Amino acid sequence: MTDFNIIRVARTVLNVKDLDRSRKFYVDALGFIETERTDEAIYLRGLEEHTHHSLVLKKSEQYSVHALGYKVASNEDLDRLQALFQSKGLKTKWMEEGTQHALGRALLVHDISGMPLEFFCKMDAAERMLQRYDLYKGARIQRIDHVNCSVPDVEKAYSFFVNELGFACSEYTATDQDRIWAAWLHRKQTVHDQAFMNGEGPCLHHIGFWLPDPMAIIHCCDVLASLGYAASIERGPGRHGLSNAFFLYLRDPDGYRIELYSGDYLTSDPDFKPIRWDLNDPRRQTFWGTKAPDSWFNETAPFLDIETGDPVGTAPPTLEQKKPEFII
Ligand SMILES: [Fe+2]
């Protein structure tokens with residue numbers, strides 16, 4: 001048991017080169033709600049989100065990802081989290097209320113893999129648009145669902161998130177020697193908030209957004225094609241074996257990977273047993289057997305250091321790398 005309560009992954013902040021170009025993709029094609037726009041950033045949310053944003057696009061020439069944002073239950077949780085990270089000798093930094101737009105006090109840290117994380121409990125409210133069906137368009141994005149990162153030592157990341165941060169494992173991929181190759185970990189009661197895959201890192205592989213149903217994904221493919229974004233479709237649509245979700249992977253105008261995701265399952269029960277997938281079972285990636293393109297395995301986005309703002313250094317994976325199709 002931890003003495004703090006992490007609720008869920010709640011926001012991500014990406015640097016983008018051209019705010020107008022990004023707005024066309026995220027708002028006009030994917031159907032995000034634009035809560036606010038400044039000269040420096042666009043703040044986006046899904047239709048069911050009652051908070052100011054779940055995605056921030058910041059104007060910058062540097063292709064990189066800021067700390068991944070997790071919501072916690074209380075202000076005291078932030079202090080307890082700082083104590084934990086400091087006790088492990090990991091970097092922490094406070095962002096006082098008002099420093100970041102629409103956000104209360106936040107704790108920035110680097111985790112055991114060097115990945116930047118942000119914890120906060122307060123964000124400005126926004127109108128929930130779930131029943132504004134007149135505003136539904138594109139992929140009918142409902143909410144942020146998860147982040148997926150490649151890290152050089154998945155077992156170390158797994159152990160830190162499960163034993164120190166209180167996450168539970170829903171599914172994992174294991175090698176013939178029973179080493180954990182990839183893991184899907186959750187705080188909210190779905191398959192995951194945070195996934196880790198074996199690879200060069202720490203790097204962001206993708207951000208997953210929840211959609212109401214598979215038809216929203218099919219419709220989104222039509223809209224993307226109509227608007228000239230057909231080349232943005234990287235993988236899918238398809239059905240994951242792992243998580244059972246219906247999916248589509250896109251590359252946004254800067255190259256960040258976005259997953260449209262729908263239809264995983266409840267993981268609330270304490271006696272839920274993590275589901276093991278064999279690394280040699282191709283159905284775990286795509287239940288129907290369709291192969292993913294090389295870019296999906298080879299391309300990720302760098303994180304930024306919470307103190308220097310420079311890209312976080314990466315390391316090669318500790319487990320032997322196999323053929324590309326076996327990366328997750
Ligand atoms: Fe995903």
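Keep in mind the model is a prediction, meaning the values are calculated, not measured. In each ligand, atom 1 is the first atom listed, and ligand 1 is the first ligand listed.
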Atom of Glu259 nearest the Fe ion (ligand 1) (restricted to N/O/S, atom name only):
OE1

Do the ring centers of Tyr70 and Phe120 come within less than 6.0 Å of each other?
no

Backbone or side chain, does His146 get an N/O/S atom under 2.8 Å to the Fe ion (ligand 1)?
yes

Would you call the rings of Phe32 and Tyr26 parallel, tilted or perpendicular, where under 30° means parallel and over 60° means perpendicular?
perpendicular

Centroid-centroid distance, Tyr261 to His192, less than 6.0 Å:
yes

Check for me whether Arg105 meets the cation-pi criterion with Trp94, that is, NZ or CZ under 6.0 Å from the six-membered ring centre and within 45 degrees of the ring axis.
yes

Regarding His206, does it place an N, O or S atom less than 2.8 Å from the Fe ion (ligand 1)?
yes

